[in-house]
2 protein chains.
Amino acid sequence: MKQRTYTIKQFAALTGVSEDTLRYYEKIGLLPFAMRKNNGHRYYSAEDEERVMVLLCLKKAGMSLEEISPFMKLPMDEDIQNIPVIRDMLLDYKRKVEGQMRELQKILDVITAKLHSGEKLALRRSESNTEAKS
Amino acid sequence: MKQRTYTIKQFAALTGVSEDTLRYYEKIGLLPFAMRKNNGHRYYSAEDEERVMVLLCLKKAGMSLEEISPFMKLPMDEDIQNIPVIRDMLLDYKRKVEGQMRELQKILDVITAKLHSGEKLALRRSESNTEAKS
DNA sequence: TTACAACTTGGAGCCAACTCCAAGTCAATA
DNA sequence: TATTGACTTGGAGTTGGCTCCAAGTTGTAA
């Protein structure tokens, strides 16, 4: 059965990524060179959609395009268990997200404490936790 | 008792924000105009330090300088309970951070599932959750 | 008194990530 | 056949957030 395809306009609406940005991502090599019709127009497949979904997911977690790039080079339809490198990349990424969540949790704890205890806005040294040398 | 003050160099080391960046933040009005000695050199106080700590905290949670700006306009040493506007801003901010954490948690769930069940890298529609129109 | 270090300012440059635009091609339609 | 609309490309412009630099001032130390 033949897979459904999308024009760039449809694909932009589908994914929420603008046409300009799709072309830009292709130009910088983040997304693979899209398939073209005879007239040179791009068209996109379900696998392209899956790839963009992964892109958006990684982006939402705060990764730069540079960091996302290696994920975009992977086949979207392989069993993860068969490709150790994907497993490792995912584990790596998982650790990153967990780290970011720990940061956010720390911040939430501080805010919550301040809201409940009649305190000042200022942070005590121990609440700030930057990497500055003391 | 007289409060201790810092030169810009000391203050940069203390907070982990570079001298250039401190001057830049002042120039764009993110930080208030720093006090000057007779010779025109900036110096910083404990309250300045508190303000920068708050800045770094908000930044770490992914806020833009634009979003951080209103917080920098507030006095650092007032009791939060006395100023409803601060309470409201903090509550607002708390909701933002919680939202971001929910996003990250969703992403973690997807990754974890994929790592355990011999799946493909591709995301199912329900796992991606962008705001694109269907 | 001269040299040096620590600052000052204004402005230029830089990188990431878009966003916009002009000029051109192509297919379908009036 | 002329027009319209959806696309193409290359390249310029924009925004956010710094980062760097040159030229000038001031206070201390040799």
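Only heavy atoms go into these numbers, but all of them, side chains included; no hydrogens, no water, no symmetry mates.
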Practice prompt. Please report the shortest heavy-atom distance between A:Ser45 and A:Met35, naming the atom on each side.
Written response: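 So the minimum-distance heavy-atom pair works out to CB-CE, 4.0 Å.
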Practice prompt. Over all heavy atoms of both residues, which pair between B:Pro32 and B:Glu26 is shortest? Give the atoms and the distance, please.
Written response: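 Closest pair (atom of B:Pro32, atom of B:Glu26, distance): O-CG, 3.9 Å.
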For the pair made of [atom1] in [X] and [atom2] in [N], what is the distance, rounded to whole Å?
| X | N | atom1 | atom2 | answer |
| --- | --- | --- | --- | --- |
| B:Glu19 | C:dT9 | CD | P | 13 Å |
| B:Glu26 | C:dG10 | CD | P | 11 Å |
| B:Glu67 | D:dG16 | CD | P | 11 Å |
| A:Tyr44 | D:dT8 | OH | C1' | 12 Å |
| B:Phe11 | C:dT8 | CZ | P | 13 Å |
| A:Ile28 | D:dG11 | CD1 | C1' | 16 Å |

Output yes when a side-chain donor or acceptor of [X] lies under 3.5 Å from a complementary backbone atom of [Y], and no otherwise.
| X | Y | result |
| --- | --- | --- |
| A:Arg51 | A:Lys73 | no |
| A:Arg36 | A:Ala34 | yes |
| A:Glu47 | A:Met76 | yes |

Practice prompt. Sort out for me which residue in A:Lys37, A:Lys9, A:Arg23, A:Glu19 forms a side-chain contact (heavy atoms from CB on, under 4.5 Å) with A:Arg42.
Written response: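 Going through the options one by one, the only one that passes is A:Arg23.
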Fill in: Residues within residues 36-43 of chain B bordering DNA chain C, heavy-atom distance below 4.0 Å
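Contacting residues: B:Arg36, B:Gly40, B:His41, B:Arg42.
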Worksheet item: When we call it a touch if two heavy atoms are under 4.0 Å apart, what does A:Ile8 touch: a base, just sugar-phosphate, or nothing?
Response: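 Counting heavy atoms under 4.0 Å across all strands, the contact made by A:Ile8 is with sugar-phosphate only.
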Discussion item. For B:Lys96, give me all partners under salt bridge (Lys or Arg N to Asp or Glu O under 4.0 Å), at least two apart in sequence or on another chain.
Written reply: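 By the salt bridge (Lys or Arg N to Asp or Glu O under 4.0 Å) rule, B:Lys96 matches B:Glu67.
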Worksheet item: At under 4.0 Å, does any side-chain N or O of A:Arg23 touch on OP1 or OP2 of D:dT9?
Response: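 Negative; the distance criterion is not met.
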Discussion item. Measuring to OP1 and OP2 of D:dA6, would you say a side-chain N or O of A:Thr7 lies under 4.0 angstrom away?
Written reply: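 A:Thr7 to D:dA6 OP1/OP2: no side-chain N or O under 4.0 Å.
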Grab the N/O contacts between the protein and nucleotides 17-21 of chain C below 3.5 Å, and write none if there aren't any.
unit_1 : atom_1 : unit_2  : atom_2 : d
C:dA17 : OP1    : A:Leu65 : N      : 3.2
C:dC18 : OP2    : A:Tyr25 : OH     : 2.5

Practice prompt. Classify the angle between the aromatic ring planes of B:Phe11 and B:Tyr6 as parallel (below 30°), tilted (30 to 60°) or perpendicular (above 60°).
Written response: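 Geometry flag for B:Tyr6 against B:Phe11: tilted rings.
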Discussion item. Is any side-chain heavy atom of A:Leu104 closer than 4.5 Å to one of B:Glu98?
Written reply: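 The answer is no; the side chains never approach within 4.5 Å.
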